[in-house]
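Have a look at the structure below before the remarks.
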Amino acid sequence: MHRRIIVPSALAASLLLAIPASAADFTPGAPGIGDSYYPTSGNGGYDVSHYDLRLKYQPATDLLEGTATIVATTKQNLSRFNLDLGLKVSEVRVNGRLAKFTATGDHELEVTPASPLEKNKAISVVVRYAGKPSEVKVGGWTAWARTPDGGVAAQEPDSAVWWFPSNDHPLDKATFDVSVSVPDGHQAISNGVLQSQSSRLGWTRFNWRSNKPQATYLATLAVGRFDITTDKTANGLPVLNAYSKDLGDNAGAARASIERTTEVAEWLESVFGPYPFNSLGGYVPNVTSGFALETQTRPFYSPRQFANGANVSVVVHELAHQWYGDSVSVQDWKDIWVNEGFARYSQWLWSEKEGEGTAQELADYVYATRTAEDPFWTVKPGDPGAENQFHIAVYDRGALALQALRNEIGDEDFFAILKGWPQEFAYGNARVADFVRYAERVSGKPLAGLFDTWLYQPSKPSASTAATAGPSAPAARSAAPKTAQPKAEQAKPVQPKSWKKIAETNTIHETGEHGHAH
């Protein structure tokens with residue numbers, strides 16, 4: 001027999017009110033941060049301020065053991081939250097108490113704390129984990145590269161899940177302490193400043209600190225046997241470069257390029273304003289890839305970047321990213337132009353400075369050598385799509401947009417914008433639309449039409465458009481030869497001297513179907 005119990009409505013209401021509001025209000029954080037290209041990247045519900053990573057890595061077996069302490073603030077009443085990690089977890093603690101956890105998907109770690117977490121509260125999360133990063137596959141690929149003497153984490157848009165738990169999206173930047181223990185005779189390279197190193201019982205520990213906000217994909221780790229050079233800039237900034245001991249024939253060209261890092265950074269300061277971070281440098285591990293990546297303070301370079309001799313242009317590109325991409329990061333991965341268009345244009349400006357072809361001449365050459373039928377023009381740098389995020393059009397057409405802007409508003413406003421933008425959004429995130437508004441504010445001109453033409457229309461701008469607002473515009477061409485003719489309609493454009501070296505850096509973003517870098 002079942003007895004129906006009828007409760008008067010007033011009593012029912014009072015019973016509901018008796019339940020603490022907080023018990024009903026706590027909900028799980030979203031499993032993605034909301035990126036339009038990569039919906040599962042990052043997580044919702046919290047904001048990380050600091051990562052403390054204490055790691056041990058054995059090159060012979062590729063075994064990585066880690067304890068990550070994450071300092072964060074809740075952004076909602078949280079019953080549960082996710083971290084991004086591909087390695088096997090043995091223990092999780094939240095605010096010191098053991099938490100339940102489960103691995104879902106190919107890189108999600110669901111954490112359920114012992115007690116729900118109230119909004120706007122500081123929390124600490126400790127994750128103990130271990131595994132072989134090279135065996136972790138996300139979507140069938142890996143961002144971890146084994147080398148003859150170690151391993152390297154460097155990839156875009158994802159690399160963190162192979163070596164530490166995180167909120168893996170540029171929207172949630174944080175400071176980093178990375179402490180790595182490796183067998184004596186090996187070194188561990190990471191971002192920022194080497195705070196200390198010590199040896200004990202056959203192992204050497206390296207302690208690195210990156211003290212400015214850093215996106216998770218810009219965190220890097222390289223273990224191997226390196227030749228290391230150190231110096232200081234005129235302003236006292238520490239410079240550290242590292243080269244694998246087995247780079248073979250590419251060793252000399254790599255050094256001849258990367259040892260010019262300080263010189264390039266000083267020049268970039270004259271274009272983009274004060275360098276935003278606490279150290280400089282670069283590293284070249286013995287990997288088989290062909291790309292480079294703007295890992296914060298210490299860009300990663302593949303040896304193949306130097307197969308044809310020294311190439312300072314790639315150093316210019318990756319260091320330009322320290323302002324455009326690292327200090328000011330994308331709001332959403334579709335905003336990739338605010339990284340790559342400017343890094344490519346910095347190569348054009350370097351060419352101009354070196355007398356190897358003005359930015360105008362390079363722009364004219366790109367415009368003239370790409371016919372209207374070339375699929376190049378169907379890619380929209382302002383929103384290229386995930387499949388074309390690192391397409392050459394994002395770089396070259398993206399730089400054409402900047403030359404068009406320069407011609408439209410003149411050098412004074414143009415260079416004021418290049419220098420002001422990294423200050424306006426320092427250590428934060430921005431969209432393409434934010435740059436358009438900023439350029440309009442500084443120049444006092446309506447520019448939406450110009451940017452629409454060069455960043456969003458899936459076709460080659462007409463020669464008349466190019467002549468008035470694009471590469472062939474005569475205004476503000478102070479660096480170009482006075483005899484230069486508009487080249488947009490020339491059948492055989494003259495190739496600028498710097499073109500081949502710049503084109504060699506195009507392989508930066510050719511890293512396979514899934515992995516992208518640059």
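Only this structure's heavy atoms are used, side chains among them; waters, hydrogens and symmetry mates stay out.
- Applying the side chain to side chain contact (heavy atoms under 4.5 Å, CB included) test between Ser279 and each of Gln296, Arg209, Arg298 identifies Arg298 as the sole match.
- A side chain to side chain donor-acceptor pair (under 3.5 Å) with Lys245 holds for exactly one of Asp149, Asp227, Asn286; it is Asp227.
- Residues Asp396 and Arg344 are paired through a salt bridge, judged by an N-O separation under 4.0 Å between the basic side chain and the carboxylate.
- The residues Asp25 and Lys119 are annotated as not salt-bridged, no charged nitrogen and carboxylate oxygen being separated by less than 4.0 angstrom.
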Q.
If you apply the rule side chain to side chain contact (heavy atoms under 4.5 Å, CB included), what do you find for Val284 with Asn250, and how did you get there?
A. CA-CA 10 Å; Val284 190; Asn250 294 327; over 6 Å; no

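- With respect to the salt-bridge test (charged N to carboxylate O, under 4.0 angstrom), the residues Arg437 and Glu424 do not qualify.
- Two residues are said to be in side-chain contact when any heavy atoms from C-beta on lie closer than 4.5 Å; Val178 and Asn191 fail this criterion.
- The salt bridge (Lys or Arg N to Asp or Glu O under 4.0 Å) with Glu91 is formed by just one residue from the set Lys100, Arg128, Arg97; it is Arg128.
- Two rings, from Phe300 and Phe291, have their centers less than 6.0 Å apart.
- Looking at Tyr275, Phe342, Tyr345 one by one, the single match for ring pair (Phe, Tyr, Trp, His ring centres under 6.0 Å) with Trp323 turns out to be Tyr275.
- For the pair Val312 and Val264, the minimum side-chain heavy-atom distance is below 4.5 Å.
- No donor-acceptor pair under 3.5 Å is formed between the side chain of Thr175 and the backbone N or O of Ser210.
- A 4.5 Å side-chain heavy-atom check between Tyr37 and Asp383 finds at least one atom pair inside the cut-off.
- Between Asn43 and Asp84, the side chains place a donor N or O and an acceptor N or O closer than 3.5 Å (distance only, hydrogens not considered).
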